[in-house]
Amino acid sequence: MQETRRAILEELAAGAVTGPALADRLGVSRAAVWKHVEALREAGFDVRSGDDGYELVDVPAYGAMAVEFGLDAPYEIAFHERLDSTNAVARERAAAGASNLVVLANEQTGGRGRRERSWDSPSGGVWASIVVRPDVPPARVPLLTLAAAVAVTEAVRAVGVDAAIKWPNDVIVHGTGERGGRKLAGVLTEMAGESSRVSWVVVGIGVNANVRAADLPSDATSVSAETGAVDRRDLVQAILERFAARAADLDAVLPAWNEHAATLGQHVRVETPTETFEGDAVDVTETGALVVDSDGQRRTVHAGDCEHLRPV
Ligand code: BT5
C-alpha cells in the first residue's frame, strides 16, 4: 500500500481526525490528504466526514488494502478478482525480483496442485501465493511448506474447525467420523536457486474458505461447510501472520508440524511417483520426508501422497 495512504489509515484507526491535522502530521498538503481519502473510499473503506473530521466507519471485506490494513506481517498484497493461478503470477513476480509479496485472488481458473494436478478454486476461497527470498540452503525450503500447513491449521482451528495435517501438506478435518479426513486446504511450494542458495520461494496456499461443498471434489470440504462462513480478511491475515512468524524461526517448525499432524501413528498407504506400499508412519525428517516402517524396514519417502488406513 502506498505509504501516505497507510499512514492515513493508521491515524484514522486511532480515532476521528481533521484533514488539516492529518496534513500536518504526515507533512503533506490538504489536497493530498483529500485525494488519498478519496482513493481509500474507492477501495471500499467507509470514511465519513463529520464535525470531528474524517472517521473510519468500516473496512472493505476483501482486497489488497483490506488485507494489508492491520496486517502484522511484512507482506505487500497484490489482489486479483480472477486469475489463472496465483502461483504462476507469483513466480513471474519472483523472477522479476519481488520479495515479501502475496498474490491473492478471489477465484482461480487454472489452480494447480502438486504433480500437475488441478486445484478447484471457485470464488470465495483463499487462494494465495507468498513470495519470499529466504537466506537458507534449498534443503531447508520444505520447512516453509510445513510452516504453511501449520499456519493454515492453526488459523482454521481458531475459527472452530477441528483440523489436522496429513503428510505432506494437506489440511484435513481431524478424526475418523463421517467428516474426518476431508480436505480443507493444500500447499504447493515452488522455488528457484542454486545448489547452495535459494533465489526465491513461492508458497502457494489454497484454503476452501467460503465455498459450497458441491463446488469441490467429493472428498473435500470447506470452512463454511464445517462451521459457517468466515471473514476471509481475518482468515488470510491470521494465516499470513502465523506463516511469517514460523518462517522466521525455522527450527521450531518441525515440532509444531508434529504437534498438528494426524499422519504419525497411522498405518498408511504411500504412493510415490514410482511405487505404492503400506506401512506405519513413524517420523518426519528435517527435509519434510516421511519415514515409514514397512515390514520391518525403514523407508524414507521424499515425495508422494499418503492415505491414512487406520491407527497403528
Ligand atoms: C495440493 O496439491 O494440495 C496443493 C494445492 C495448492 C493450491 C494453491 S491455491 C493458491 C496457489 N495457486 C495455485 O495454482 N495453487 C496454489 P495436491 O496435494 O496435489 O492435491 C491436489 C488434489 O486435491 C487434486 O487432484 C484433487 O483430488 C484434490 N482437490 C482439487 N481441488 C481441491 C480443493 N479445492 N479442495 C480439496 N481438494 C481438492
Side-chain angles (χ1 to χ4, degrees), residues 67 75 77-94 101-132 142 144-153 155-156 161 163-173 179-191 201-226 232 235-236 239-240 243 261 263 268-273 288 290 301-308:
V67 174
Y75 305 131
I77 313 290
F79 179 79
H80 302 263
E81 186 54 37
R82 193 173 214 221
L83 268 190
D84 168 29
S85 155
T86 56
N87 261 43
V89 172
R91 280 203 325 268
E92 281 168 22
R93 298 284 302 263
L101 172 74
V102 177
V103 179
L104 186 67
N106 175 49
E107 181 182 352
Q108 294 184 118
T109 53
R112 293 186 306 112
R114 295 174 303 130
R115 299 162 75 182
E116 307 297 319
R117 292 188 283 233
S118 66
W119 182 258
D120 297 357
S121 317
S123 161
V126 165
W127 322 124
S129 297
I130 310 170
V131 181
V132 285
L144 291 174
T145 306
L146 303 185
V150 169
V152 171
T153 304
V156 300
V161 184
I165 304 172
K166 180 165 84 90
W167 184 87
N169 57 11
D170 292 358
V171 178
I172 59 169
V173 174
R179 308 202 64 77
R182 288 172 192 249
K183 185 161 167 175
L184 270 170
V187 182
L188 171 67
T189 300
E190 301 180 89
M191 59 174 280
V201 180
V202 168
V203 182
I205 298 175
V207 187
N208 303 324
N210 299 330
V211 178
R212 291 187 320 157
D215 295 334
L216 295 168
S218 60
D219 52 355
T221 188
S222 63
V223 177
S224 59
E226 295 301 319
R232 272 193 300 172
L235 184 64
V236 180
I239 292 169
L240 295 178
F243 176 79
T263 301
V268 295
R269 179 180 297 121
V270 179
E271 199 188 323
T272 76
L290 183 67
V301 188
H302 294 277
D305 294 290
C306 91
E307 191 184 333
H308 295 173

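The first residue of the sequence shown is numbered 1, and numbering continues consecutively from there. Just so you know, ligand 1 is whichever comes first in the structure, and atom 1 is the first atom listed for that ligand.
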Atoms of ligand 1 less than 4.0 Å from [X] heavy atoms?
| X | answer |
| --- | --- |
| A220 | 35 (N), 36 (C), 37 (N) |
| T86 | 10 (C), 11 (C), 12 (N) |
| P217 | 29 (N), 30 (C), 31 (N), 32 (C), 38 (C) |
| G111 | 14 (O) |
| N208 | 33 (C), 34 (N), 35 (N), 36 (C) |
| G206 | 8 (C), 9 (S) |

Heavy-atom closest pair, residues [X] and [Y]:
| X | Y | answer |
| --- | --- | --- |
| G304 | R114 | O-NH1, 3.1 Å |
| W127 | V211 | CZ2-CG2, 4.5 Å |
| S224 | N210 | OG-CA, 3.5 Å |
| G204 | N87 | CA-OD1, 3.0 Å |

Side chain or backbone of [X] under 4.0 Å from ligand 1, or both, or neither, by non-hydrogen atoms?
| X | value |
| --- | --- |
| D170 | side chain |
| L184 | neither |
| I205 | backbone |
| R117 | side chain |
| A128 | backbone |

### Query
Taking the six-membered ring for Trp, are F243 and Y75 parallel (under 30°), tilted (30 to 60°) or perpendicular (over 60°)?
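F243 vs Y75 ring planes: tilted.
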
Starting from [atom], find the nearest protein heavy-atom neighbour and note its residue, name and distance.
| atom | value |
| --- | --- |
| atom 9 (S) of ligand 1 | Q108 NE2, 3.4 Å |
| atom 23 (O) of ligand 1 | K183 NZ, 3.7 Å |
| atom 37 (N) of ligand 1 | W119 CZ3, 3.6 Å |
| atom 2 (O) of ligand 1 | R114 N, 3.1 Å |
| atom 31 (N) of ligand 1 | D120 N, 2.9 Å |
| atom 15 (N) of ligand 1 | R112 O, 2.8 Å |

### Task
Please indicate whether R93 has more than 12 foreign heavy atoms, meaning atoms of other residues, nucleotides or ligands, lying under 6.0 Å from its CZ.
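No, because the 6.0 Å sphere around CZ of R93 holds 12 heavy atoms or fewer from other groups.
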
### Message
Counting only heavy atoms from other residues, nucleotides and ligands, does the tally under 6.0 Å from CZ of R82 exceed 12?
### Response
no

Can you check whether [Y]'s main-chain N or O pairs, donor with acceptor, with [X]'s side chain at less than 3.5 Å?
| X | Y | value |
| --- | --- | --- |
| T263 | A261 | no |
| N169 | V187 | yes |
| S85 | R112 | no |

### Query
Would you say D305 has any N or O atom under 3.5 Å from an N or O of ligand 1, going by distance alone?
no

### Query
Could an N or O of ligand 1 be found under 3.5 Å from any N or O of W127, whether backbone or side chain?
no

### Query
What do the steps show when you test V102 against L240 for side-chain contact (heavy atoms from CB on, under 4.5 Å), and what is the final call?
CA-CA 9 Å; V102 177; L240 295 178; 4.0 Å; yes

### Query
Does at least one non-hydrogen atom of R115 fall below 4.0 angstrom from an atom of ligand 1?
no

### Query
Judged by non-hydrogen atoms, does S118 sit under 4.0 Å from ligand 1?
yes

### Query
Under the side-chain contact (heavy atoms from CB on, under 4.5 Å) test, which residues partner A94, sequence neighbours left out?
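So A94 forms a side-chain contact (heavy atoms from CB on, under 4.5 Å) with V131, W200, V202.
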
## Note on the structure
Those residues at least two apart in sequence (or on a different chain) that pass side-chain contact (heavy atoms from CB on, under 4.5 Å) with A220 are N208, L216, P217

### Message
Under 4.0 Å from atom 27 (O) of ligand 1, can you find at least one protein heavy atom?
### Response
no

